[in-house]
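These notes are about the structure you will find just below.
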Protein chains: 2
Amino acid sequence: MAVQGEHTDSLFEPGRRSRLLQLLRTYTDTHVELTRHLARTLGIHANDAVAIAEILWAEATGDPLSPVRLSERIGLASGGTATLLNRLETAGFVVRSREDTDRRIVRLRLTPQARSRTEDFFLPTGEHLNNTLDGYDDATLEHMEHLLTEIVAVTAARNEQLRADLKPASSGRQGT
Amino acid sequence: MAVQGEHTDSLFEPGRRSRLLQLLRTYTDTHVELTRHLARTLGIHANDAVAIAEILWAEATGDPLSPVRLSERIGLASGGTATLLNRLETAGFVVRSREDTDRRIVRLRLTPQARSRTEDFFLPTGEHLNNTLDGYDDATLEHMEHLLTEIVAVTAARNEQLRADLKPASSGRQGT
DNA sequence: TGCAGTAGCTTATTCAGCAAGTTACTCTCT
DNA sequence: AGAGAGTAACTTGCTGAATAAGCTACTGCA
């Protein structure tokens with residue numbers, strides 16, 4: 001018998017802000033579905049496709065993922081990530097290379113075939129999106145970039161906070 | 001031996017457009033992680049949390065999901081969705097109600113407890129985001145809304161196309 | 001040189017999800 | 001009205017993805 005129950009409506013209040021947030025939500029759904037289609041196209045599991053996309057992007061930015069960092073992004077435990085990587089390596093999508101000075105670290109790279117198939121998959125959408133963005137002037141895009149950056153920061157901060165609840169107290173060290 | 005292999009670089013070319021697309025990708029990752037935290041908070045599986053968010057949102061827009069439509073959104077087959085819903089119903093998160101004139105159709109609604117727990121989870125982020133959006137004037141937000149709408153449309157169109165490849169030929173109608 | 005910390009992996013086990021089949025309901029066509 | 005096609009939801013048997021726990025290899029501090 002909760003008498004109150006109106007404050008939470010702010011999430012769904014009509015208005016421009018709420019509409020924007022819903023658009024972001026919808027975009028996420030859409031992007032996730034696109035990744036599922038990638039999985040189907042490559043003949044692999046949904047999570048494997050997520051991993052491939054992450055590996056591809058990280059590699060493109062010049063800082064290839066390690067298994068631990070991949071596991072953080074796709075939300076799998078260490079063992080599950082190892083299984084996933086074995087699967088992808090056996091299927092010829094991924095190679096592991098120890099190229100770091102720290103000999104413990106493994107770097108994940110796509111095979112040329114995997115990269116080209118994945119890029120071919122994303123390319124039409126990418127070009128279509130680029131064309132769409134061409135319809136906007138530079139100032140608008142800059143605003144958009146700024147806004148999105150802030151939005152990501154807010155959400156990421158919340159994630160960080162929630163992640164902190166996970167590890168109660170490992171070592172005595174508890175930094176900032 | 002593909003001699004060419006430069007056209008695909010357009011996905012990663014430096015520049016504002018590419019940066020925007022990466023931001024969208026990052027946002028998706030962030031939002032997905034947030035949903036995983038929701039799962040942990042509610043003590044349910046990741047996919048279950050995705051389903052709860054979808055059910056909540058659909059209900060809020062006045063058009064509660066049916067199992068089929070839920071399954072399309074979360075990317076599960078009919079049987080898997082039934083299992084998931086049984087799980088959520090048993091755990092007291094979801095109720096199924098036959099309220100449609102078409103007696104086959106089941107509408108999915110969150111229990112009050114589930115709704116309040118989920119809203120409590122999203123509320124801090126939602127308010128934080130609203131504050132962020134308050135820093136932008138109306139015209140800018142309108143531009144954003146327009147741009148995002150287009151982006152979603154492009155991606156959704158691609159999804160539709162890919163989904164069409166799935167069903168080979170049900171009725172005699174076959175396109176190109 | 002030992003010891004704590006981290007990266008990556010292996011193994012045993014569980015249970016989520018799929019494919020296929022069943023029931024219930026709706027709509028159309030005769 | 002009644003047969004038949006189509007759709008919504010659910011059930012069941014089985015596969016294998018992911019987990020938890022434990023192990024090895026490497027790093028770097030004391």
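Quick note on labels: first sequence line is chain A, next is B, and so on, each numbered from 1.
Contact check, A:R98 against D:dC26: no side-chain N or O comes under 4.0 Å of OP1 or OP2. In terms of phosphate contacts, A:N86 brings a side-chain nitrogen or oxygen within less than 4.0 Å of OP1 or OP2 of C:dT10. Here B:R104 does not reach the OP1 or OP2 of C:dT23: none of its side-chain N or O atoms lies under 4.0 Å away. Between A:R103 and D:dT27 there is no side-chain N or O to OP1 or OP2 distance below 4.0 Å. A sub-4.0 Å separation between OP1 or OP2 of C:dG17 and a side-chain N or O of B:R87 is present.
Within the 4.0 angstrom heavy-atom criterion, base atoms lie near A:A82. The residue B:S71 sits apart from the nucleic acid: no heavy atom pair falls under 4.0 Å.
Comparing atom distances between the A:I105 side chain and each of C:dG8, C:dC25, D:dT27 picks out C:dG8 as nearest. Out of D:dC10, C:dC9, C:dC18, the shortest distance to the side chain of B:A77 is found at C:dC18.
The 5' end of DNA chain C is approached more closely, in terms of each residue's nearest nucleotide, by A:S78 than by the other of A:S78 and B:H45. The residue among B:T81 and A:S66 whose nearest nucleotide of DNA chain C is located toward the 5' end is A:S66.
Distance, B:D102 CG to C:dA24 C1': 11 Å, rounded to whole Å. In this structure, B:L84 places its CG atom 10 Å from C1' of C:dG17, rounding to the nearest Å.
For the pair B:R158 and A:F121, the distance from NZ or CZ to the six-membered ring centre is under 6.0 Å and the angle to the ring normal is within 45 degrees.
Put simply, the side chain of A:T83 and the base of C:dC9 share no donor and acceptor less than 3.5 Å apart.
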- Task: State the dot-bracket string of DNA chain C. Criteria: Watson-Crick or G-U wobble, both atom distances under 3.5 angstrom; notation: ( ) intrastrand, [ ] crossing earlier pairs, | interstrand, . unpaired.
- Result: ||||||||||||||||||||||||||||||
